[in-house]
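See below for the structure under consideration.
Whatever order the structure lists ligands and atoms in, that order sets their numbers, starting from 1. Heavy-atom basis, side chains included; hydrogens, waters and symmetry copies ignored.
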Amino acid sequence: MNEPILTIVVPCFNEEEVLPKTISEMDSFLTALISENLVSNMSKILFVDDGSRDGTWSMIYKESLNNQHIKGLKLSRNVGHQNALLAGLFTAKDASDCVVSIDADLQDDIKVIRDFIEKFNDGYDIVYGVRQGRQTDTFFKRSTAELFYKVMGMMGVNIIFNHADFRLMSKRALDELERFGEANMFLRGIVPLIGFSSTNVYYDRKERLAGETKYPLKKMLSFAFDGITSFSITPIRLVLMIGFLSFLISLAFGAYFIGLKFFGETETGWTSLITSIWLIGGLQLIAIGLIGEYIGKIYKESKRRPKYIIDIDTFNLPLPRHLINAEGKLDEPIGVEIRKLSETN
Ligand code: UDP
Ligand code: MG
């Protein structure tokens with residue numbers, strides 16, 4: 001049997017602090033896999049620069065000029081983790097037998113990629129990396145993340161508990177993934193929908209090696225909310241049910257107040273009146289907001305905008321074509337930049 005060609009896709013957003021370590025660890029890991037004949041010598045690591053504002057891209061680029069196993073993909077602007085991941089997966093898929101996605105901060109144990117490959121050779125199309133322990137995450141991160149998986153489950157979204165975006169997918173599975181045309185690609189929800197045979201590999205999650213999390217609370221909440229609303233209409237149903245409930249309750253109250261009117265004590269009405277105005281008003285606002293959220297989703301889907309735009313791709317094109325002049329040399333002024341980068345090394 002021929003060894004599979006593996007591509008490891010690593011999305012990076014402002015990761016200059018951790019990148020040197022990540023590059024050297026991943027490179028020596030891949031070299032080991034190749035020398036053990038577990039993967040083909042044509043295997044690569046593809047770093048996706050998601051519009052970083054620091055030195056991330058020049059690090060990636062410099063490395064890709066010197067190391068044939070390292071490639072870079074530069075996106076035109078920051079499009080977020082999920083879309084950056086997609087850009088990498090779809091760029092890599094045609095030249096790979098299987099693709100592994102992993103974060104740049106080495107929180108996920110790269111050694112278990114060995115087990116991923118084993119499972120892939122056993123015939124699995126999708127292998128999920130599942131976190132066994134999150135002892136090193138802060139209590140806050142751990143509990144919010146676990147709450148997220150629970151809520152998603154309650155909303156009827158089928159996702160793997162404690163699995164993030166550390167997974168292996170076969171080329172066949174990626175071809176199918178590409179057919180899911182939705183603008184809001186919530187990968188953890190979509191990948192199980194592909195339906196090919198899949199399995200889990202368990203590992204311990206480590207601490208971020210350097211730099212800060214790129215998922216502050218605000219991004220985490222919007223990620224969770226997007227995940228739920230792009231997969232489930234349960235929230236709208238919930239609001240509908242609350243609406244019915246409060247309607248029934250108000251009927252009962254109505255009867256009660258009419259009773260009061262006929263038997264004297266009508267002066268007490270103000271409190272209940274003002275409370276119910278606020279109650280109903282609040283419920284209506286929630287309902288309208290929620291419906292607006294779904295309509296917003298429809299609006300986004302209907303525009304069919306590209307999810308990412310590639311600026312430079314050293315995976316498929318060794319050098320950006322538009323930078324090369326008639327003599328096959330790098331054009332100025334960006335050429336100067338690139339040459340400087342390669343010379344300083
Ligand atoms: N990331 C990205 N674009 C973004 C935010 C994050 O490509 O807009 C990358 C980031 O560089 C990292 C991965 O997504 O490789 C996960 O981010 P992070 O480790 O900060 O998230 P956490 O592990 O704290 O949830
Ligand atoms: Mg992380």
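Using a 4.5 Å cut-off on side-chain heavy atoms (C-beta onward), Asp54 and Glu15 make no contact. For the pair Asp94/Lys171, a side-chain contact is recorded, criterion being any heavy-atom separation below 4.5 Å from C-beta on. Side-chain contact check for Ile126 versus Leu168: every heavy-atom pair is 4.5 Å or farther apart.
Phe116 and Tyr124 have their aromatic ring centers separated by at least 6.0 angstrom.
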Tabulate below the donor-acceptor pairs under 3.5 Å that side-chain atoms of residues 233-244 make, not counting sequence neighbours, or state none.
residue, atom, partner, partner atom, Å
Thr234, OG1, Met155, O, 3.1
Thr234, OG1, Ser232, OG, 3.0

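Around the Mg ion (ligand 2), the protein atoms of type N, O or S found under 2.8 Å away are Asp105 OD2, Gln107 OE1, listed by chain and number.
Listed by first and then second residue, the ring-ring contact (aromatic ring centres under 6.0 Å, His included) pairs that reach into residues 30-52 come to none, sequence neighbours excluded.
Listed by chain and residue number, the protein contacts of ligand 1 are Pro11, Cys12, Phe13, Glu15, Asp50, Asn78, Gly80, His81, Asp103, Ala104, Asp105, Gln107, Lys141, Arg205, Arg208, Thr213, Lys214, Tyr215, Lys219 (heavy atom within 4.0 angstrom).
Under the 3.5 Å distance criterion, with hydrogens and angles disregarded, no donor-acceptor pair is assigned to the side chains of Asn184 and Gln82. The closest side-chain donor-acceptor pair between Asp27 and Ser24, if any, does not fall under 3.5 angstrom.
The side-chain tip of Arg131 does not point at the ring of Tyr202 from less than 6.0 angstrom away and within 45° of straight on.
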